[in-house]
Amino acid sequence: MPIVTLPDGKTKSFDKPVSGLEVAQSIGSGLAKAALAIKVNGETKDLAHVIDRDVSIAIITSPKPGQATSPEALTLMRHSAAHVMAEAIQDVLGKDVLLAYGPPTDTGFFYDMSIPEGKKLSSDHFAAINKRMAEIIAENRSFTRYEVSAAEGLPKLKSEGNKYKTDNAERALGMPSSVYKSSKPVAAPASGPSGTQSLSFYATGAPGKDWEDLCRGPHVPSTGRIGAAAVMSLASSYWHGDENSDSLTRVYGTAFGSKEELDAYMVRLEQAKARDHRVIGKALRLFHIDETVGQGLILWTPNGAIVRKELQNFIGAELKKQGYTEVFTPHIGSLDLYKTSGHFPYYKDAQFPPIIERDTLDALATCSCSEVMRRVEGVSQRLADGINERTKATTIAADRIMPDDQLVQGFMLKPMNCPHHAKIFGSSPHSYRDMPVRLAEFGTVYRWEQSGELNGMTRVRGFTQDDAHLFCTEDQIPAEIQGCLSLVKTIFNILGMKDYRVRVGLRDKDSSKFTGSPESWDKAEAACIDAAKSLGVSFSQEPGEAAFYGPKIDFVVKDVIGREWQLGTVQVDYQMGNRFDLSYVGPDNKPHRPVVIHRAPFGSMERFCGVLIEHFAGAFPTWLSPEQVRVMPISEKTNDYAQVVTNALRSAGVRVKLDDSDGRIQQKVKVAADEKVPYMLIVGPRDAENNQVSVRARGTEKDLGAMGLEAFVSGIKAEIDAKKAELTVRP
RNA sequence: GCCGCUGUAGCUCAGUGGUAGAGCAGCGCUUUUGUAAAGCGCGGGUCGCAGGUUCAAGUCCUGUCAGCGGCUCCA
């Protein structure tokens with residue numbers, strides 16, 4: 001008979017199998033009332049789940065009034081709310097809406113569904129759906145689980161004509177899908193581990209009478225236990241995430257333990273919008289995107305250019321300390337360069353199309369499209385032989401080799417800087433004594449991102465990487481990776497960015513996609529993991545996420561609405577040396593292949609500045625602020641002295657503006673505060689007389705008092721030079 | 001690229017098929033001000049673009065471009 005161990009270590013024994021609810025009741029009636037589900041040996045189960053053996057349990061409860069809902073309770077409520085929303089949508093739009101898949105997420109839940117042709121779900125339906133959801137919640141119908149055998153359940157689903165649910169069931173049963181056909185491998189079952197022998201359904205109420213859904217569960221006991229839920233937005237998705245498969249409508253919703261929490265969430269979303277880099281970027285005139293210039297192409301306005309330039313100067317100074325040398329390379333390169341590196345044509349969908357010489361273009365006018373592509377993508381015999389020999393494989397297939405007179409010459413806007421840097425390394429001989437060679441460049445690259453993916457400064461089509469390539473010997477890899485990470489650490493510390501995540505991409509040992517010797521990989525992976533550990537932040541090891549040419553470390557941050565963006569990256573590359581036939585002379589007087597480390601600690605200036613704008617909500621530390629000081633005379637009478645103050649700051653190298661507009665001081669303060677200027681210097685007759693300035697710092701709501709002009713200048717200079725995060729100058 | 005939403009003055013936004021509006025910003029005048037918006041006045045628009053329906057279109061329809069949220073992808 002079951003003995004149940006509670007989280008505090010106490011045990012309770014029962015003389016017959018008991019449900020989760022009965023266990024809760026045996027502890028207390030209040031607990032039973034609040035109970036939503038039960039955790040059995042760490043696995044969440046329905047409250048009705050029957051315990052018939054010795055287990056350890058924990059009870060998941062609704063929040064007490066005024067308290068936050070626990071993450072486990074939120075997941076249960078959201079999963080349950082997904083059922084309620086699906087029922088509501090079918091009530092509003094019709095039963096012929098086919099449901100596919102509806103899981104909880106970090107911020108709520110979604111349900112993917114197929115809307116029948118001729119019908120349309122739009123946000124106009126949200127009010128009706130929300131109303132119906134509230135009704136279902138008010139009805140407080142119980143979530144009733146029942147299980148049927150595969151032999152019974154599958155025909156039931158098939159007879160209902162929903163291929164998506166049939167597919168879910170087949171995958172849950174570990175069977176090959178009879179309805180999903182694709183070249184893509186089938187993803188892991190969405191509804192549970194494969195190999196179960198029965199299928200579970202949940203009726204929202206009574207089985208056979210009320211609405212029901214194939215579902216693994218678990219759920220809250222009844223709809224009334226969902227605190228508050230709302231439908232949020234619409235999107236499209238693909239069945240199995242496969243763009244060649246059916247397009248589904250994804251309906252997003254969210255649920256919380258109480259109406260108050262839901263309302264607070266909505267307020268937070270609203271507030272986040274005010275911190276959005278696109279909003280701040282416009283208000284503070286940091287950057288502009290012009291339709292006529294082109295989608296995803298950033299115009300850095302003077303204010304934004306200052307922020308970027310300061311960052312670049314900062315990185316440049318750090319790189320100098322680490323022994324980097326700077327190079328400059330053009331924005332385009334010949335097609336042959338990218339055929340050598342291997343980037344063309346394999347990544348052609350992500351690149352701007354080739355730039356073809358005028359005469360060649362005229363000559364091609366009579367060719368068919370496929371012939372043009374064949375000639376553009378073709379490779380000369382000489383180039384192919386060289387690459388195949390160096391990579392010791394048929395890297396360039398025979399059918400891509402073409403006679404020289406048919407090959408189309410042309411250029412590409414560079415999608416990355418490495419081929420150019422490889423050519424610089426290869427342009428002169430290197431001794432092992434010179435290694436590593438560290439070539440750095442703020443290199444601008446262009447990538448053809450899908451239009452729907454573009455996003456302010458964080459996802460663009462032209463961007464400048466804080467790029468560098470380290471050409472080193474295999475023994476130097478660990479120290480070089482370590483050096484890259486210490487640079488990242490320095491930069492993030494100065495900027496006060498602590499909320500980032502580190503991903504270490506390792507190879508999938510079962511895959512042949514990864515080139516190079518296993519020994520080299522093991523060493524490089526160990527070096528990456530060691531370096532990541534030294535950062536002192538949490539990091540995850542992700543097998544299979546390495547590039548095919550080597551392991552990598554990525555830095556990921558979240559934006560104001562919770563989306564993750566990859567910033568910096570450090571990648572080890574064993575391929576590039578072969579591709580470009582790079583070498584250095586070793587102590588044995590023989591040529592050796594260098595390993596290349598690609599690294600961009602900020603990722604790109606565009607994305608990093610976008611993230612930084614949100615990080616500071618536009619209130620940059622003084623050293624980064626486009627305008628560091630604003631001088632504001634009380635009236636025209638002190639304009640002359642204000643000009644003296646302004647000149648003193650300007651000649652000290654401080655970015656200062658004089659507001660001698662014909663307004664009252666209250667208005668000048670308001671405007672400067674809105675523009676997030678770090679220091680306001682208010683000067684009136686009193687100040688002019690004593691050669692002083694009255695200081696007001698951003699973020700403080702009052703006059704801090706007066707100080708001597710010279711003391712202020714030297715104070716702010718010190719603050720800027722030290723790149724202080726806080727405003728420190730005080731009278 | 002896909003689904004949904006949005007597009008009106010420099011910015012934020014109103015605008016029943018019937019004469020294009022407000023606030024802020026800009027310019028001019030008055031005011032000479034001591035710490036989060038002084039007053040008055042004046043300019044400013046192919047209502048994203050292209051078609052269509054209509055006596056009449058910012059408003060309705062079709063197409064298209066761009067932005068937003070999500071999906072897919074991300075060397």
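Side-chain atoms are counted along with the backbone in the values below, which use heavy atoms only and exclude waters and symmetry mates. Naming: A, B, ... by sequence-line order, numbering from 1 per chain.
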**Asked** Base, sugar-phosphate, or nothing for A/Gly456, non-hydrogen atoms under 4.0 angstrom?
**Response** sugar-phosphate
**Whole-Å gap separating P (B/rC2) and CG (A/Asp112)** = 18 Å
**Request:** Pick base, sugar-phosphate or nothing for A/Tyr549, based on heavy-atom distances below 4.0 Å to the nucleic acid.
**Result:** sugar-phosphate
**Distance between C1' atoms of B/rA9 and B/rU53 (Å, rounded)** = 29 Å
**Request:** Encode nucleotides 31-39 of chain B as B, S and - characters from 5' to 3', where the letter depends on protein heavy atoms closer than 4.0 Å: B to the base, S only to sugar-phosphate, - to neither.
**Result:** BBBBBBBB-
**Prompt:** Taking NZ, NE, NH1 and NH2 as the nitrogens, is one of them in A/Arg507 or A/Glu525 under 4.0 Å from a carboxylate oxygen of the other?
**Reply:** yes
**Prompt:** With rounding to whole Å, what would you report as the distance between B/rC29 and B/rU35 at their C1' atoms?
**Reply:** 26 Å
**Message:** Reading RNA chain B from 5' onward, which residue's closest nucleotide shows up sooner: A/Ser122 or A/Gly294?
**Reply:** A/Ser122
**Request:** Using the C1' atoms only, state how far B/rU8 lies from B/rG67, rounded to an integer number of Å.
**Result:** 15 Å
**Asked** Between A/Tyr338 and A/Phe344, is the ring centre distance below 6.0 Å?
**Response** no
**Message:** Under a 3.5 Å cutoff, is there a donor and acceptor pairing between the side chains of A/Gln571 and A/Thr569?
**Reply:** yes
**Request:** Please state how far atom CD1 in A/Ile280 lies from atom C1' in B/rC11, giving the value in whole angstrom units.
**Result:** 15 Å
**Item:** B/rG44 to B/rG4 separation - P atoms, rounded to the nearest Å
**Value:** 41 Å
**Asked** In whole angstrom, what separates A/Tyr111's OH from B/rC71's C1'?
**Response** 18 Å
**Request:** Flag the pair A/Glu545 and A/Arg503 as a salt bridge only when some basic side-chain nitrogen lies within less than 4.0 angstrom of an acidic carboxylate oxygen.
**Result:** no
**Asked** Which is true for A/Tyr252 with a 4.0 Å heavy-atom rule: it touches a base, it touches only sugar-phosphate, or it touches nothing?
**Response** sugar-phosphate
**Prompt:** Under 4.0 angstrom, heavy atoms only, what part of the nucleic acid is A/Arg563 near: base, sugar-phosphate, or nothing?
**Reply:** sugar-phosphate
**Message:** Work out how far the P atom of B/rA50 is from that of B/rG58, and round it to whole angstrom.
**Reply:** 13 Å
**Other residues, nucleotides, ligands: >12 heavy atoms within 6.0 Å of A/Lys702 NZ** = no
**Request:** Find the distance A/Glu449:CD to B/rG67:P and express it as a whole number of Å.
**Result:** 13 Å
**Request:** Output yes when A/Asp167 and A/Lys163 qualify as a salt bridge under the 4.0 Å nitrogen-oxygen rule, no when they do not.
**Result:** no
**Prompt:** With nearest nucleotides of RNA chain B determined for A/Glu291 and A/Lys120 from heavy-atom distances, which residue corresponds to the more 5′ nucleotide?
**Reply:** A/Lys120
**Close side-chain approach of A/Gln465 to A/Asn417, heavy-atom, < 4.5 Å** = yes
**Complete:** Pairing string of RNA chain B (Watson-Crick or G-U wobble, both atom distances under 3.5 Å; | = paired to other strand) is (((((((..((((....[..)))).(((((.......))))).....(((((..]....))))))))))))....
**Request:** Provide, to the nearest angstrom, the distance between the OH atom belonging to A/Tyr238 and the C1' atom belonging to B/rG4.
**Result:** 14 Å
**Message:** Does B/rG1 have OP1 or OP2 under 4.0 Å away from a side-chain N or O of A/Ser451?
**Reply:** yes
**Message:** Given the structure, check if the side chain of A/Arg459 and the base of B/rC74 hold any donor-acceptor pair shorter than 3.5 Å.
**Reply:** yes
**Request:** For A/Asp290 and B/rG10, give me the distance from atom CG to atom P, rounded to whole Å.
**Result:** 13 Å
**Item:** Gap in Å between the two P atoms, one belonging to B/rA37 and one to B/rA25, rounded
**Value:** 12 Å
**Prompt:** Considering only heavy atoms from C-beta outward, does the side chain of A/Glu542 approach that of A/Val504 to under 4.5 Å?
**Reply:** no
**Message:** Quick check with a 6.0 Å cut-off and a 45 degree axis cone: is A/Arg78 positioned over the face of A/Phe109's six-membered ring?
**Reply:** no
**A/Ser237 side-chain proximity, nearest of B/rC71, B/rG70, B/rC74** = B/rC71
**Prompt:** What's the CG-C1' distance between A/Leu454 and B/rC74, to the nearest Å?
**Reply:** 12 Å
**Prompt:** Taking the P atom of each, how far is B/rC42 from B/rA22, in whole Å?
**Reply:** 11 Å
**Item:** Carboxylate-amine/guanidinium proximity below 4.0 Å for A/Arg630 and A/Glu675
**Value:** yes
**Request:** Report which part of the nucleic acid A/Leu121 touches: base, sugar-phosphate, or nothing (heavy-atom distance under 4.0 Å, all strands).
**Result:** sugar-phosphate
**Prompt:** Roughly how far apart, to the nearest Å, are B/rG51 and B/rU12 at atom P?
**Reply:** 28 Å
**Request:** Determine: side-chain N/O of A/Lys282 to OP1/OP2 of B/rG10, distance under 4.0 Å, yes or no.
**Result:** no
**Request:** Return the value, rounded to whole Å, for the distance between atom CG of A/Asn455 and atom P of B/rC74.
**Result:** 18 Å
**Criterion salt bridge (Lys or Arg N to Asp or Glu O under 4.0 Å) against A/Glu564, the qualifying member of A/Arg501, A/Arg607, A/Lys558** = A/Arg501
**Request:** Could you tell me whether A/Ser236 contacts a base, only the sugar-phosphate backbone, or nothing, with contacts defined as non-hydrogen atoms closer than 4.0 Å?
**Result:** base
**Request:** Would you classify A/Ile289 as touching base, sugar-phosphate or nothing, given that sugar-phosphate means primed atoms plus P, OP1 and OP2, and contacts are heavy atoms under 4.0 Å?
**Result:** nothing
**Request:** State whether A/Gln295 places a side-chain N or O below 4.0 Å from either non-bridging phosphate oxygen (OP1 or OP2) of B/rA66.
**Result:** yes
**Prompt:** For the side chain of A/Arg447 and the backbone of A/Pro415, is there at least one donor-acceptor N/O pair under 3.5 Å apart?
**Reply:** yes
**Message:** At 4.0 Å (heavy atoms only), tell me whether A/Arg278 reaches a base, stays on the sugar-phosphate, or touches nothing.
**Reply:** sugar-phosphate
